[in-house]
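For reference, the structure discussed in these notes is given below.
Naming convention: chains lettered A, B, ... in sequence-line order (proteins, then strands); numbering from 1 in each chain.
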Amino acid sequence: MAARKLNLKERYSLLTRDLDWEYSYRDKKEIFPYEDFEGIKITDWSKWEDPFRLTMDAYWKYQAEKEKKLYAIFDAFAQNNGQQNVTDARYINAIKVFLTGVSPLEYQAYSGYAHVGRQFSGVGARTACQMQSIDELRHVQTQVHAMSHYNKFFDGFQDFSHMHDRVWYLSVPKSFFDDARSAGPFEFMVAISFSFEYVLTNLLFVPFMSGAAYNGDMATVTFGFSAQSDEARHMTLGLEVIKFLLEQHPDNVPIVQRWIDKWFWRGTRLLAIVAMMMDYMLPNRVMSWKEAWEVYFEEAGGALFKDLARYGIEMPKYAATAIAEKDHISHQTWSTFYNYGHAAAFHTWMPDEKEMDWLSEKYPDTFDKYYRPRFEHWREKEQAGERFYNPTLPMLCNTCQIPMGFTEMDDPSLIAYRQSVYQGERYNFCSDGCKDIFDHEPEKYVQSWLPVHQIYQGNCGGADIEKVLSEYYRINMGKDNLDFHGSPDEARWNAWHNLESAEERLKKAG
Amino acid sequence: MSKVYMALQDNEEAHYLVEALEEDNPDVTVDYQPAMIRIENEDRLVLKRETVEEKMGRDWDLQSLHVNLVTIGGNVDETDDEFTLSWN
Amino acid sequence: MAVAAITPDYTGERLDRVENFHGNIVVYVGWDRHLMFCSPIAFATPPDTTFGKLQDEMIAGAYAQHPDFAKIDWEQVCWLLNGEPFTPDREATLAAQGVDHKSIIRMQTPGLEGIGGSHS
């Protein structure tokens, strides 16, 4: 009798579910010790649905195909001196932020999924996490490969993993993932698979990568979309996790809701840097941060939470604040990096007149009123040879670790201050969202490694800030940091394209 | 009513997928953005293997959709013959 | 609330307790509606620093670049300590007037509206 060809569901079942076994001589609790302590109740793991039904053989086949396409483009990009064909050397600074701030998170995700992929007693979840773990490792590798080409021609790429562990602003993404990975396995899944991958990563990978394409950066758009093609599977896993937890037991609903509230808020704070990349660091702009937020959070997230309402799940608690912040967040974040541009491993600059006009048009309610006068003042100072740098160290939020530059949404020119006193000690926050997270689990966040406090405690190589930056952070002073204008990056770019620097043009005009 | 969507890399193979999507989902909206194509529809979007094969003029494995997929929004259901996105 | 943790009665190490700052306390200073300085400032200073020194040296050193700074009428400044109205004593130390570790001092300068009236 000829063997009948198996269909997708049958193949999936045989190659995944049927590989599991019953534990006959060890207690299940001993094998899966992390499954209970978060209070999540699982009554039947076999109810786990796997919408993509991807088996390992198919997984390797399609991943290999993605890699072949990707490396063909990397080769072509390098062979054709692609670094010279981006719109403007300022753009490369967005890629520096990506390599130091985002790529190490892919590595953290790899490690996190490897861990939870071991800890779930349900085989469907284990298989999905295992694949995602391998995906994440692929992402960090392809990103490092892609950006290694830029490392040959631009400053600021050379020490990305060292910087990720130490540099003040990189403690924001690092602590975000440390928080998720040190939580239990179910919170990790709600944090990363659902709140981050499903609700928020589109904002990083879709409009920003489309923007990379629009700025001539084929290497980045290709790794971005190649990573994102795995992301569709990750997003589906995220949605599956949520539905599974909510269907398993009604007691899971309030726990999951709190995790959604927490991780949505942590995610929006983390994305402040992406907002800035989109509005300030792409010379050719596809869409504003605000527009991207409307499409990928308000519209897509709105549909998602409407779908989840049947389980009793509501929109994340501080969604309204996050929505109001879409008009401010990119400008406030860029202001922060402009203030501390001497302490960053990438360049900052003031937008030119045309770019300011674009911002005025895209942010009609806020840019001219709150931000443009400040930026024009800074531009005047720069033209007078007195580029503004903030000579101090900033106050940081104890939860998100971002400088306290976010304002009250009902009074946008006033910094938002929140404070808790826990066991006699003060803790300060940028928002209700960040304060709530602390108040719920203070024993976790009393451990925040706040870079400014660490400097003051003498743990970053002493009291001399110059030395902290150059030796502890390994920023090449005068090369990686400061304004784009006057940087070695700018000089090299101008030499490739026979351009004059802004300074030379001024001299001639004068 | 909520919109489901998918985005594909803008390449040769994706153009056939878009043609198939347009045929099987008459009200679909197709938006060409830099390097990607965003396809959205009210409530439901279905990609049928058979239609894609007809457009390409060759066999096509539905799971190879992953190679060109950028992102999706909606609940996924995948069989050998159809890939469906929907909201409840 | 306790942390949901695998170890019972989990507690975390307090990384920013005052003992770790070598005799200093951390004091934050913010100048309301002057967002050219993107966020409040963190200073580490001995608790016996006088308010006069904080104002004349530390605050002045930090904010001098702002075009409004020279226009401040210090008699008219409204101060807040951890969100409450506060009348500082220039001669007294920070510790003596309730400015403890990780306290926030805010200064409000009515009439000074920031760059181009934008509160920058």
Side-chain angles (χ1 to χ4, degrees), chain A residues 5-9 11-12 49-55 58-59 61-63 65-66 69 198 201-202 205-207 209-215 218 221-222 224-233 235-236 239-240 243 284 286-287 295-296 299-310, chain B residues 1-15 17 21 29-50 52 59-88:
Chain A
K5 190 174 179 285
L6 297 172
N7 72 27
L8 190 62
K9 283 182 193 180
R11 276 202 316 276
Y12 179 79
E49 286 283 337
D50 308 276
F52 274 129
R53 300 191 183 92
L54 196 62
T55 53
Y59 174 79
K61 180 180 156 192
Y62 293 118
Q63 296 304 94
E65 207 172 309
K66 289 179 191 175
K69 287 180 72 172
Y198 201 100
T201 42
N202 270 333
F205 276 102
V206 185
M209 291 302 164
S210 191
Y214 207 38
N215 285 278
M218 282 322 298
V221 67
T222 311
F225 280 168
S226 186
Q228 192 69 15
S229 69
D230 299 340
E231 229 69 50
R233 182 157 31 78
M235 290 167 68
T236 305
L239 189 52
E240 177 45 36
K243 289 194 289 192
N284 282 350
V286 177
M287 56 166 72
V295 172
Y296 288 100
E299 199 181 298
L304 167 69
F305 283 100
K306 213 168 96 190
D307 189 78
L308 293 175
R310 67 200 144 112
Chain B
M1 297 278 269
S2 295
K3 278 180 181 162
V4 295
Y5 65 88
M6 71 167 76
L8 299 168
Q9 294 191 40
D10 188 353
N11 60 26
E12 266 318 298
E13 191 160 299
H15 296 161
L17 304 183
L21 285 165
T29 311
V30 179
D31 182 11
Y32 289 83
Q33 295 176 8
M36 60 175 255
I37 311 165
R38 191 182 149 98
I39 303 112
E40 57 181 34
N41 206 23
E42 290 292 343
D43 282 331
R44 202 175 131 84
L45 185 67
V46 57
L47 180 70
K48 294 184 180 166
R49 180 182 53 81
E50 211 178 353
V52 175
D59 289 346
W60 183 74
D61 187 333
L62 194 75
Q63 285 195 318
S64 68
L65 167 67
H66 284 287
V67 176
N68 300 308
L69 193 60
V70 172
T71 184
I72 50 170
N75 293 299
V76 172
D77 187 48
E78 187 188 26
T79 67
D80 288 291
D81 300 319
E82 289 186 0
F83 178 89
T84 311
L85 291 171
S86 64
W87 289 122
N88 292 306

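Residues forming a salt bridge (charged side-chain N to carboxylate O under 4.0 Å, His left out) with B:R38 (at least two apart in sequence, or on another chain): B:E40. Looking at residues two or more places apart in sequence or on another chain, you find a side chain to side chain contact (heavy atoms under 4.5 Å, CB included) between A:S226 and A:K66, A:L70, A:R138.
Looking at A:L304, both its backbone and its side chain come within 4.5 Å of chain B, counting heavy atoms on both sides. With a threshold of 4.5 angstrom between heavy atoms, A:V221 approaches chain B through side-chain atoms but not through N, CA, C or O. In this structure, chain B has a heavy atom under 4.5 Å from the side chain of A:E299, while its backbone stays farther away.
Of all non-hydrogen atoms in B:N88 and A:D307, the two that sit nearest each other are N-OD1, 2.7 Å. Nearest heavy atom pair, residue B:I72 against residue A:M235, reads O-CE, 2.9 Å. Here the closest heavy-atom approach between residue A:S210 and residue B:P34 is recorded as OG-O, 2.7 Å. Residues A:A303 and B:W87 approach most closely at CB-NE1, 3.5 Å, considering heavy atoms.
Heavy-atom neighbours of A:Y12 OH from other residues, nucleotides or ligands within 6.0 Å: above the threshold of 12. When the shell of 6.0 Å around CD of A:E49 is examined, it contains 12 or fewer heavy atoms from other residues, nucleotides or ligands.
Contact of the A:R53 side chain with the B:D77 side chain is registered, since non-hydrogen atoms from C-beta on lie closer than 4.5 Å. With contacts defined as side-chain heavy-atom distances shorter than 4.5 Å, the pair A:M209/B:V70 does not qualify. For the pair A:V295/B:K3, no side-chain contact is recorded, criterion being any heavy-atom separation below 4.5 Å from C-beta on. Here the side chains of B:T79 and A:N7 are not in contact, with every heavy-atom distance at 4.5 Å or above.
Residues of residues 5-14 of chain B lying under 4.5 angstrom from chain A, judged on non-hydrogen atoms, are B:Y5, B:Q9, B:N11 by number. By a heavy-atom distance cut of under 4.5 Å, B:D61, B:Q63, B:S64, B:H66, B:V67, B:N68 are the residues of residues 61-68 of chain B near chain A, going up by number.
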- Item | Audit row: B:E78, A:L8, side chain to side chain contact (heavy atoms under 4.5 Å, CB included) steps and yes/no | CA-CA 9 Å; B:E78 187 188 26; A:L8 190 62; 4.1 Å; yes
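The most heavy-atom pairs under 4.5 Å with chain B, out of A:L54, A:N202, A:V286, A:T236, come from A:N202. Here A:S229 is the residue among A:A232, A:S229, A:A213 with the most heavy-atom pairs under 4.5 Å with chain B.
Rounding to the nearest 0.5 Å gives a distance of 11.0 Å between CG of B:L69 and CZ of A:F225.
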